[in-house]
Amino acid sequence: MNDYLIIYEQGEDGGWGAFSPDVDGVIAVGRTRNEVERRMQEAMAAHLKVLREQGQPVPPARTTHGYLAA
């Protein structure tokens, strides 16, 4: 099992979006942070399941994070 970095961004309209830099094409949107987290979990699980069922490689978790004060 991999622990993937997920980026959550709040839009100017207050809605939320999410993506993983390690897994191309998997995104989620929602009205709240909780909603987008739930949807992203569902989207990632479904995407990885399809990759496994098709015998395709599951991308490795290779991205980490850090903060820089500027």
Side-chain angles (χ1 to χ4, degrees):
M1 177 171 284
N2 291 308
D3 289 327
Y4 292 103
L5 175 67
I6 306 298
I7 306 297
Y8 298 100
E9 298 177 315
Q10 188 171 26
E12 291 181 14
D13 65 353
W16 286 84
F19 71 97
S20 174
D22 294 330
V23 184
D24 290 335
V26 179
I27 63 167
V29 295
R31 291 177 302 228
T32 66
R33 170 75 185 257
N34 286 340
E35 183 178 28
V36 79
E37 285 179 12
R38 180 180 50 77
R39 289 182 174 183
M40 188 62 179
Q41 176 65 40
E42 293 168 355
M44 286 288 286
H47 182 75
L48 297 177
K49 179 181 177 189
V50 168
L51 289 178
R52 289 182 183 107
E53 289 174 351
Q54 293 179 349
Q56 296 182 23
V58 173
R62 63 185 188 282
T63 306
T64 188
H65 75 283
Y67 292 93
L68 175 67

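Numbers for residues simply follow the sequence, beginning at 1.
- Of the options Leu51, Val26, Asn2, a side-chain contact (heavy atoms from CB on, under 4.5 Å) to Pro59 is made by Leu51 and by none of the others.
- Annotation for Asp3: atom CG does not count as buried by contact number, only 12 or fewer foreign heavy atoms lying within 6.0 Å.
- A pairwise comparison of heavy atoms in Trp16 and Val36 identifies CB-CG1, 3.6 Å as the closest pair.
- Other residues, nucleotides and ligands contribute more than 12 heavy atoms inside 6.0 Å of the CZ atom of Arg33.
- When Glu37, Met44, Arg38 are each tested for a side-chain contact (heavy atoms from CB on, under 4.5 Å) with Met40, only one passes: Met44.
- No donor-acceptor pair closer than 3.5 Å links the side chain of Asp22 to the backbone N or O of Tyr4.
- Between Val23 and His47 the shortest heavy-atom distance is CG1-CD2, 3.5 Å.
- Under the 4.5 Å side-chain heavy-atom criterion for grouping Ile, Leu, Val, Met, Phe, Trp and Tyr, Leu48 is connected to Ile6 within one hydrophobic cluster.
- A search for side-chain contact (heavy atoms from CB on, under 4.5 Å) contacts involving Ile7 returns Leu5, Glu9, Phe19, Pro21, not counting sequence neighbours.
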